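Keep in mind that what you see is a predicted model, and the values were worked out from it rather than measured. Note that these values count all heavy atoms, side chains included, but never hydrogens, waters or copies made by symmetry.
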Amino acid sequence: MAGGTLLTLPKIKSQRLMIVGLAASLTLGGVVLSEIIKNQVLQTQQQEQQVVIPKIKTVTALGRLEPEGEVIQIAASSSGQGGQGNKVSKLLVKEGEEVKSGQVIAILDNSDKLQAAYEKAREAVSISKANLAKVRAGAKSGEINAQKAEISRIQAQSLGEERAQRETIFRLEAQWEGDKATQKAAIRRLEAELSNAKSEFNRYEKLYKEGAISQSDFDGRRLKVDTVLQQLNEAKATFERTRRTGNRQIQEAKAVLNRIESASTQQVNSAKATLDKIAEVRPVDVEAAKAELRQAVAAEKEAKANFEQTLVKAPKDGVVLKINTNAGETVSNDGIIELGKVKNMMVLAEVYQAHIGKIKVGQNVRVTSNSLNSDLKGTVDFVGWKIQRQNVINADPSENIDARVVEVRVRLDDESSQKAAKFTNLQVKAVFEL
């Protein structure tokens, strides 16, 4: 055991020495390695400090040319009398022609029929207006004058009848007075004769009693008294009959006059009432005429709207870029023409979302294309608010065709607008100066 222990001790010391040596070597190697790495880092930092990173001065984006307000398709009305299915009767414009807002560019084939209906509706309005004016004015002046003449005729006729009847009354009264005067004169004459006869009779009666005259003379005087008395009584009876008869005739004539006057008044009042009725303007008649006029006006508006739908008009100023439907053809789904305001051309550029923060309104933009003889110039007019998929596709298949972009509108200057006027939808490259 002792011997074994002595043999092991040198080995242990030798292993310790090896471990210490190894540790010392590792320590020295670490220090050297650390110095090497430190030197490399310092060299890298120095190299990075010496590299100058170029500053980005522009942002490039694909885009297309379009007129201000975009290209619009002008078609017939989608409802009513001008809807799809109608044919174009007349096309009044050609490609490249400038048109004004409201200008008729095409006429549909049902225009003549609807124009005739519109004219008929307008005539109905005129008739309704005339009828309303007639109702408000009352009867015709001819009818009023005729009724006034009728009143005058009745009055004249009544006046003549009344005058004739008054003359009859006057004649009867004059005749009656004459007859009475005659009868009274006859009565007074007979009364005088009777008085004379009685005086003679009394004288002859005295002579008869004295025997101076005969019986026959006495009787003759008595007969004369009786005769005159009878004549007097008859004259008085005639006078009474004449008085009663004349008075009755006069009263009857006056009654006739009263009836004539009453009938005349009634006829005149009736004729005047008829005149008032003819000339009267009743509110209910006026309202009925107004209702007819409103109905006619509404029908006219409807007919006008139907007719105007057959006249296809330009909604704004612009240039005819393309004709999609010619005369004699049915209006296509693409409309009749395409219209654009090419005097003011725009560039619709699609800027990558990563660069949109660098784009500001008013920035200068240079527009290039192989189809243009020279570059175009413009300024940023509007920066969109929505991020969307790219629409303008680059022909290079290596480019990202599903990039997320923001639409930016660039307004070209007048000179550039003139150059780009005939290149609507041309793909261009917009270079934004930062």
Practice task
Check the pair Gln363 / Glu433 against side chain to side chain donor-acceptor pair (under 3.5 Å), numbers first and verdict last.
Solution key: CA-CA 7 Å; Gln363 282 178 331; Glu433 298 179 4; over 6 Å; no
Query raised in the report: After noting the C-alpha distance and the side-chain angles of Ile250 and Ile169, does the key distance pass the side-chain contact (heavy atoms from CB on, under 4.5 Å) rule?
Result: CA-CA 6 Å; Ile250 291 172; Ile169 294 172; 4.3 Å; yes
**OP:** Under the side-chain contact (heavy atoms from CB on, under 4.5 Å) rule, what do Val104 and Val312 come out as? Steps first, then yes or no, please.
**Re:** CA-CA 6 Å; Val104 178; Val312 184; over 6 Å; no
request  = Please lay out, stage by stage, how Val125 and Leu293 fare under the test side-chain contact (heavy atoms from CB on, under 4.5 Å).
outcome  = CA-CA 6 Å; Val125 171; Leu293 177 58; 4.2 Å; yes
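Across all their heavy atoms, Val256 and Arg259 have their closest contact at CG2-NH2, 3.0 Å. Of all heavy-atom pairs spanning Ser369 and Gln427, the tightest one is OG-O, 3.5 Å. A pairwise comparison of heavy atoms in Arg166 and Leu257 identifies CG-CD2, 3.6 Å as the closest pair. When every heavy atom of Val361 is checked against every heavy atom of Val380, the shortest pair comes out as CG1-O, 3.5 Å. Here the shortest heavy-atom pairing between Ala349 and Ala61 reads CB-CB, 4.4 Å. Across Met345 and Ala420, no two heavy atoms sit closer than the pair CE-O, 3.3 Å.
Taking the side chain as every heavy atom from C-beta outward, Asp381 and Met346 approach each other to under 4.5 Å. By the 4.5 Å heavy-atom criterion applied to side chains, Thr60 and His355 are not counted as neighbours. Looking only at side-chain heavy atoms (C-beta outward), Thr182 and Phe239 stay at 4.5 Å or farther from each other. A heavy-atom distance below 4.5 Å is not found between the side chains of Lys360 and Val383. Put simply, the side chain of Pro67 reaches to within 4.5 Å of the side chain of Leu321, judged on heavy atoms. Side-chain contact check for Val59 versus Ile359: some heavy-atom pair is nearer than 4.5 Å. Within the 4.5 Å cutoff, side-chain heavy atoms of Leu132 are placed close to those of Lys290. Side chains of Val319 and Val99 form no contact here, defined as non-hydrogen atoms less than 4.5 Å apart.
A donor-acceptor pair under 3.5 Å is absent between the side-chain atoms of Ser270 and the main chain of Gln266, judged by distance alone. Asp109 places no side-chain N or O within 3.5 Å of a backbone atom of Ser89 that could act as its donor or acceptor partner. Ser416 places a side-chain N or O within 3.5 Å of a backbone atom of Lys377 that can act as its donor or acceptor partner. No side-chain donor-acceptor contact under 3.5 Å links Ser262 to the backbone of Asn258. A donor-acceptor contact shorter than 3.5 Å is absent between the side chain of Ser111 and the backbone of Ile107.
Glu415 and Lys419 are joined by a salt bridge, as a carboxylate oxygen and a charged side-chain nitrogen come within less than 4.0 angstrom of each other. The pair Arg244-Glu240 meets the salt-bridge criterion, since a charged nitrogen lies less than 4.0 angstrom from a carboxylate oxygen. Using a 4.0 Å cut-off between a side-chain N of Lys or Arg and a carboxylate O of Asp or Glu, Glu177 and Lys180 qualify as a salt bridge. Between Arg389 and Glu350 no salt bridge is recorded (no basic side-chain N to carboxylate O distance below 4.0 Å). Salt bridge present: Glu68 and Arg411 bring a charged side-chain N and a carboxylate O closer than 4.0 Å.
Applying the side chain to side chain donor-acceptor pair (under 3.5 Å) rule to Glu193 yields the partners Arg189; only residues at least two apart in sequence or on another chain are considered. In this view, Lys343 and Glu98 satisfy the side-chain contact (heavy atoms from CB on, under 4.5 Å) rule, not counting sequence neighbours. Phe423 pairs by the side-chain contact (heavy atoms from CB on, under 4.5 Å) definition with Leu65, Leu372, Leu426, not counting sequence neighbours. Contacts of Ala299 classified as side-chain contact (heavy atoms from CB on, under 4.5 Å), with partners at least two apart in sequence or in another chain: none. Remark: Asn269 engages Thr265 in a side-chain contact (heavy atoms from CB on, under 4.5 Å) (not counting sequence neighbours).
The number of heavy atoms from other shown groups lying within 6.0 Å of CD (Gln251) is above 12. More than 12 non-hydrogen atoms from other residues, nucleotides or ligands lie less than 6.0 angstrom from NZ of Lys316. Under a cut-off of 6.0 angstrom, the local environment of CZ in Phe382 is crowded, with over 12 non-hydrogen atoms contributed by other residues, nucleotides or ligands.
Because its NZ or CZ atom is both nearer than 6.0 Å to the ring centre of Tyr118 and within 45° of the ring axis, Arg122 counts as a cation-pi partner of that residue.
Annotation: side chain to side chain donor-acceptor pair (under 3.5 Å) contacts involving residues 149-162, sequence neighbours excluded, comprise Glu150-Arg153, Arg153-Gln157, Gln157-Glu161, Ser158-Ser264.
For the side chain to side chain contact (heavy atoms under 4.5 Å, CB included) criterion with Ile336, the lone passing option out of Leu91, Ile74, Ile323, Val93 is Leu91. When each of Thr325, Asn110, Leu108, Thr330 is tested with Lys87 by the rule side chain to side chain contact (heavy atoms under 4.5 Å, CB included), just one qualifies, namely Thr330. Among the candidates Arg248, Arg243, Gln249, the single residue satisfying the side chain to side chain contact (heavy atoms under 4.5 Å, CB included) test with Trp176 is Arg243.
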